[in-house]
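Note sheet for the following structure.
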Amino acid sequence: MYTTATDERKALVEAVRNFAKTVLAPHANTWDADKHFPLDALWQAGEMGLGGIYAREEFGGSELSRQDAVAIFEELAKGDTTIAAYISIHNMVVWMIDSFGDDAQRARWLPQLTSMRALGSYCLTEPGAGSDAAAIRTSARRDGGEYVINGVKQFISGAGASSVYVVMARTGEPGSKGISTIVVPDGTPGLSFGPNEKKMGWNAQPTRQVVLDDVRVPVANRLGEEGDGFGIAMRGLNGGRINVAACSLGGAQWALDRAVEHVQQREAFGKPLAALQSVLFTLADMETGLQAARSLLQRAAAKMDEGAPDVVTACALAKRFATDAAFKAANSALQLHGGYGYLHEYGIERVVRDLRVHQILEGANEIMQMIVGRSLLGKSG
């Protein structure tokens, strides 16, 4: 079911906006400073249907469209960019189980995940395999009716707090065709975690290594067939890219709104900052970049809903442009605030720190450029 009617979309966005304003925004600075992962806020998000935004209703999902999703994540990020980004990652896990699992797997894992009483982590990146995802070395050796998994996953959001880990592991030949997707429940013997990473941003969600040491799980925990994992991972990243771009857009929009207020209130040389032509030019560039980013995101989301053949390129293009434009806008908002923008209590520097990583994760922006460039050569060839 797609909620694309204008009145329904407005009601949906308004409800999420209210949640972001009342539950997330008042605490965002404190959660960042204290490195606090607010499980109670995530449970409330689950009660609103935000734990399975595009998962089927039968298993507790909201079954909304990707166009709805980008609108939701933009609003969430206006409250807290870090928590919005984690909810995006959690939704990727839910989507993978819903899309590639069988009914028994959906019934086992989705009801708790969609309610966000159980959380999910996506485990692809490794210490030696980031952008080159096909080079992962984590192995899953078949032993009767079980897989024995060994390896280390790096930069895993939610690690240590999640109940379900969707792990990409090598079950066959080198390269992309030898990778499978396996669900590892928390508490499985041999599953452990590194220390919480000390990061520039995203402090309100834990980021740890996931260590798999002779972890045994049933073959029945595999999503899809052996060798399907790389394709599952890449399809998941299409949605992840536009979601994290929407989170960038929401954080930058919040920063722009604060900047507009500030330049009208702050005076310099006997008049408001807004009277300076250079300030107007900066605001205009910020607004132009964010509006263009929003249009590209909506276009990419529509292509995902339609199953368009060029969806990979559309998502890569939107992700790269939106995350770059959003970081630039947030950084400009900090500059317009002067020294106050550098203070934690104003929130601007937090957003700048949070948005920086969006240009790296879900595929570094240089990889997005490669995808777009190769698509052009393919068309002309």
Side-chain angles (χ1 to χ4, degrees), residues 32 35 70 73-74 76-77 80-93 121-136 152-159 166 168 194 196-210 230 233-252 255 289-290 293 296-297 300 312-332 334 348-374:
D32 172 74
K35 295 180 170 55
V70 295
F73 285 115
E74 180 177 350
L76 286 173
D80 189 318
T81 48
T82 300
I83 300 307
Y86 174 74
I87 294 174
S88 166
I89 294 166
H90 173 88
N91 270 272
M92 185 192 301
V93 169
S121 288
Y122 173 60
C123 305
L124 174 63
T125 300
E126 297 182 0
S131 295
D132 185 8
I136 65 169
V152 177
K153 296 296 181 177
Q154 185 77 22
F155 306 132
I156 306 305
S157 293
V166 173
M168 302 298 163
N196 194 11
E197 301 284 3
K198 297 177 181 178
K199 310 187 296 290
M200 175 181 176
W202 272 28
N203 289 319
Q205 57 166 285
T207 304
R208 295 182 171 92
Q209 284 188 335
V210 172
F230 188 78
M234 294 303 102
R235 287 187 61 187
L237 285 174
N238 288 333
R241 285 165 182 164
I242 63 171
N243 286 351
V244 80
C247 292
S248 288
L249 183 58
L290 297 187
L296 288 172
L297 277 176
V312 173
T313 302
C315 291
L317 192 155
K319 190 267 182 182
R320 183 260 172 140
F321 185 89
T323 55
D324 282 352
F327 180 77
K328 182 178 180 181
N331 200 39
S332 294
L334 191 156
I348 304 295
E349 60 84 33
R350 168 180 55 81
V351 171
V352 171
R353 288 186 288 106
D354 285 347
L355 295 194
R356 182 61 183 87
V357 76
H358 295 191
Q359 296 169 295
I360 300 171
L361 53 79
E362 310 292 32
N365 282 7
E366 292 81 3
I367 299 297
M368 301 303 99
Q369 289 176 289
M370 289 176 63
I371 291 172
V372 175
R374 285 172 177 172

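Everything numeric in this text was worked out from a predicted model, so none of it was measured.
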*asked:* Whether the Gln154 and Gln209 side chains hold a donor-acceptor pair (N or O, under 3.5 Å, no angle test) is what I'd like checked.
replied: yes
Quick one: closest heavy-atom pair of [X] and [Y], and the distance?
| X | Y | answer |
| --- | --- | --- |
| Ala330 | Val352 | O-CG2, 3.5 Å |
| Ala326 | Leu249 | CB-N, 4.1 Å |
| Leu355 | Cys247 | CD2-O, 4.2 Å |
| Ala204 | Ile83 | O-CD1, 3.7 Å |
| Cys123 | Lys153 | O-CE, 3.5 Å |
| Leu290 | Ala325 | CD2-O, 4.3 Å |

I need the [X] [atom1] to [Y] [atom2] distance, nearest 0.5 Å.
| X | Y | atom1 | atom2 | value |
| --- | --- | --- | --- | --- |
| Asp132 | Thr125 | CG | OG1 | 11.0 Å |
| Ser248 | Arg356 | OG | CZ | 11.0 Å |
| Gln205 | Ile156 | CD | CD1 | 11.0 Å |
| Met200 | Asp354 | CE | CG | 9.0 Å |
| Glu366 | Ile360 | CD | CD1 | 8.5 Å |
| Leu76 | Thr82 | CG | OG1 | 12.5 Å |

Any non-hydrogen side-chain atom of [X] less than 4.5 Å from a side-chain atom of [Y]?
| X | Y | result |
| --- | --- | --- |
| Leu361 | Phe155 | no |
| Met368 | Thr323 | no |
| Asn331 | Lys328 | no |
| Asn365 | Lys319 | yes |

*Okay, side chain of Ser121, backbone of Ser157: is any donor-acceptor separation there less than 3.5 Å?*
yes
*asked:* Any side-chain to backbone donor/acceptor pair from Thr81 onto Ala77? Under 3.5 Å, distance only.
replied: no
In terms of heavy-atom contacts, does [atom1] of [X] have more than 12 from other residues, nucleotides or ligands at under 6.0 Å?
| X | atom1 | result |
| --- | --- | --- |
| Arg353 | CZ | yes |
| Lys199 | NZ | yes |
| Phe321 | CZ | yes |

_Test of understanding: with ring-ring contact (aromatic ring centres under 6.0 Å, His included), list the residues that count as partners of Phe327, not counting sequence neighbours._
none
*Output all residues satisfying side chain to side chain contact (heavy atoms under 4.5 Å, CB included) with Leu237, sequence neighbours left out; order by chain, then residue number.*
Met92, Tyr122, Leu124, Met234, Arg241, Glu362
*With sequence neighbours left out, write down each residue that passes side-chain hydrogen bond (donor to acceptor under 3.5 Å, both in side chains) with Asn243, or none if nothing qualifies.*
Tyr54
